[in-house]
Amino acid sequence: MSGSSARSLAKGSESPKPVPEGLIRVYSMRFCPFAKRTLLVLKAKGIEHEVININLKSKPEWFFSKNPYGLVPVLENSQGQLVYESAITCEYLDEAYPGKKLMPDDPYEKACQKMVFELFSKVLTRKKTAFFGGNSLSMIDYLIWPWFERLEALELTGCADHTPKLTLWMAAMRKDPSISALHTDVNALRGFFDLYLQDSPEACDYGL
Amino acid sequence: MSGSSARSLAKGSESPKPVPEGLIRVYSMRFCPFAKRTLLVLKAKGIEHEVININLKSKPEWFFSKNPYGLVPVLENSQGQLVYESAITCEYLDEAYPGKKLMPDDPYEKACQKMVFELFSKVPPLLTSFLRRRDKEDCSGLREELCKEFSKLEEVLTRKKTAFFGGNSLSMIDYLIWPWFERLEALELTGCADHTPKLTLWMAAMRKDPSISALHTDVNALRGFFDLYLQDSPEACDYGL
């Protein structure tokens with residue numbers, strides 16, 4: 001989608017144009033795991049969108065009028081409606097857009113996904129299914145995936161050595177079309193982490 | 001509803017019977033603001049339920065099989081399905097039961113309620129800190145922080161130009177945040193709302209809600225509970241019974 005590999009907008013940049021009709025915009029950052037959730041859902045549901053990357057080390061002043069917290073991800077539509085907080089953006093997209101529902105219809109099943117979101121990996125030993133929401137990939141899997149993608153870059157893959165089901169889950173996730181389409185290269189992530197820890201304003205545009 | 005004023009079950013107590021059909025059970029505690037959320041929604045939607053109070057200072061061993069976190073509130077139905085985390089229990093009840101919907105249908109309006117919920121989220125830990133420190137140290141910093149949080153909520157009401165946080169009638173978000181406003185008097189923190197007139201009006205309007213007044217917790221009971229709770233007394237949860 002347009003903009004996902006574009007240089008970020010930083011302090012002093014011009015406020016972007018209004019969002020054209022028929023499109024939804026996501027303010028994002030290429031290496032942010034929270035924003036990755038939203039991008040995964042946009043991809044999985046085939047929602048037409050544009051991406052504006054934000055330089056989180058040198059934020060544009062206008063960005064705080066999109067989200068008073070100054071964080072990504074933020075959704076903005078052509079009516080100027082704004083939604084922020086990654087899990088809220090994901091649920092909003094699932095409800096507002098047609099196509100495959102990522103959240104289950106059944107209230108109890110939906111509640112279970114939310115409880116898993118709270119429990120994260122602790123639940124895995126109790127689960128007898130391949131994915132966190134059942135036997136096919138659904139919302140909860142996308143919500144937690146970005147952190148597992150980072151394990152390799154952070155040299156933490158050893159953490160999953162004693163959790164074979166989690167390792168199997170990670171392998172299955174990598175085969176998902178939306179996840180492989182939005183895969184972030186290990187070396188890019190490492191390069192980003194280095195610059196980020198140095199508070200460099202170049203961090204967010206690493207590799208561009 | 002049956003059980004709401006019953007003595008709590010503590011360590012060594014017998015595991016309760018299965019939930020009868022047609023009823024939903026909530027594991028609660030009379031002074032827990034998180035469990036209050038669930039009780040308010042049950043009341044507002046007129047859902048038949050039974051309450052089992054848990055002694056949080058001396059938890060029954062079986063309670064951890066209801067919620068691995070060992071916290072209230074927890075919902076259990078006759079099929080043995082368990083739901084915990086207060087906000088999750090409230091959404092679940094709204095979706096699973098008929099009658100008035102507390103959450104709006106429109107996805108954007110629903111997202112707005114959730115964003116206000118996030119905005120509010122600093123208030124509970126602030127009140128907890130205040131409770132723990134008020135007799136030991138100067139809490140003017142905490143009071144200031146609370147005033148700031150209230151100003152953020154005032155801004156929401158100002159921007160929306162509505163009496164309640166979800167619009168012109170009371171809805172889910174109002175119930176979710178109410179239990180902490182109910183405690184302000186007992187904590188002598190009502191002054192933090194002095195510069196937030198809309199919030200003050202909202203509190204007055206909330207008190208008139210039938211579900212809220214039906215489940216009102218007396219100021220002195222709360223104060224008594226706080227005293228015992230801070231001393232880690234196993235009698236705290238049953239204060240007044």
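Worth saying up front: this structure is predicted, and the values here are computed from it rather than measured. The analysis underlying the following values was restricted to heavy atoms, covering all of them including side chains, and did not include hydrogens, waters or symmetry mates. Protein chains get the first letters and strands the later ones, always in sequence-line order, with residue 1 at the start of each.
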Begin with the C-alpha distance, continue with both residues' side-chain angles, and end with the deciding distance and a verdict on side-chain hydrogen bond (donor to acceptor under 3.5 Å, both in side chains) for A:W169 and A:D141.
CA-CA 9 Å; A:W169 172 79; A:D141 302 286; 2.9 Å; yes

Using a strict cut-off of less than 4.0 Å between a Lys/Arg side-chain nitrogen and an Asp/Glu carboxylate oxygen, indicate whether A:E202 and A:R7 qualify as a salt bridge.
yes

Residue by residue, which of residues 53-74 of chain A have a heavy atom closer than 4.5 Å to a heavy atom belonging to chain B?
A:Y69

With a 4.5 Å cut-off on side-chain heavy atoms, are B:L39 and B:S28 touching?
yes

With a 4.5 angstrom heavy-atom cut-off, is it the side chain or the backbone of A:Q81 that approaches chain B, or both, or neither?
both

More than 12 heavy atoms of other residues, nucleotides or ligands under 6.0 Å from CD of B:E14: is that the case?
no

Check ion pair A:K17-A:E50 (N to O, under 4.0 angstrom)
no

In A:K110, A:K101, A:K45, the residue satisfying salt bridge (Lys or Arg N to Asp or Glu O under 4.0 Å) with A:D94 is A:K45

Heaviest contributor of heavy-atom pairs below 4.5 Å to chain B, chosen from A:L82, A:T89, A:N77, A:L75, is A:L82

Which answer fits B:E118, side chain, backbone, both or neither, if we ask what part of it has an atom under 4.5 Å from a heavy atom of chain A?
both

Using a 3.5 Å distance criterion without hydrogens, assess whether the side chain of A:S138 forms a donor-acceptor pair with backbone atoms of A:G134.
no

